Amino acid sequence: MNAQDQIPNSDPTRGNKSIEAAVNRGLAVAMLKGVAAGAALMRDEGVPLNVSARVLVNPEQRRASDWK
């Protein structure tokens, strides 16, 4: 049994809900205050650089659950 099997209703494509929330907050900040502010928030909240770069630079690569 792996870790995903032990968490009911978990999304196997997104393993960390706190990172998911930080990404969504960062996207909201980016829309309101600019990409640099959104990137800074994501960095400060521990979002991996490759993830923040992907969602900020390539909106078409965002997950369906990401804030739009």
Side-chain angles (χ1 to χ4, degrees):
M1 179 181 296
N2 66 35
Q4 291 295 327
D5 294 334
Q6 297 172 9
I7 304 170
N9 301 320
S10 65
D11 179 356
T13 61
R14 175 117 356 136
N16 188 325
K17 292 298 180 184
S18 64
I19 294 297
E20 177 181 3
V23 166
N24 285 319
R25 285 190 296 276
L27 289 172
V29 168
M31 291 185 75
L32 296 171
K33 296 185 177 184
V35 172
L41 182 138
M42 288 189 211
R43 180 198 64 227
D44 294 347
E45 294 198 22
V47 175
L49 181 59
N50 66 315
V51 173
S52 60
R54 176 179 56 83
V55 299
L56 288 168
V57 177
N58 301 304
E60 69 280 355
Q61 292 184 7
R62 293 178 187 160
R63 296 175 191 254
S65 62
D66 286 342
W67 198 77
K68 308 263 188 232

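In this text the structure is predicted, and so the values were computed from the model without any measurement.
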Subject >> Closest non-hydrogen atom pair between Val29 and Gly38, with its separation >> reply: CG1-N, 3.7 Å

**OP:** Show your reasoning for whether side-chain contact (heavy atoms from CB on, under 4.5 Å) applies to Val55 and Met42.
**Re:** CA-CA 11 Å; Val55 299; Met42 288 189 211; 3.8 Å; yes

Original post:
Minimum heavy-atom separation for Ala22 to Leu41, with atom names?
Top reply: O-CD2, 3.8 Å

**OP:** Give a yes or no on whether the backbone of Glu60 and the side-chain of Asn58 come within a donor-acceptor separation of less than 3.5 Å.
**Re:** no

Subject >> Considering all heavy atoms, the nearest Leu56-Ala30 contact >> reply: CD2-CB, 3.6 Å

**OP:** Test Met31 against Leu27 for side-chain contact (heavy atoms from CB on, under 4.5 Å), laying out the working first.
**Re:** CA-CA 6 Å; Met31 291 185 75; Leu27 289 172; 5.7 Å; no

Subject >> For Arg62 against Arg54, the heavy-atom pair lying closest together >> reply: CA-NH1, 4.0 Å

Subject >> Within residues 26-44 or reaching into it, pairs that qualify as side chain to side chain donor-acceptor pair (under 3.5 Å) - sequence neighbours excluded >> reply: none

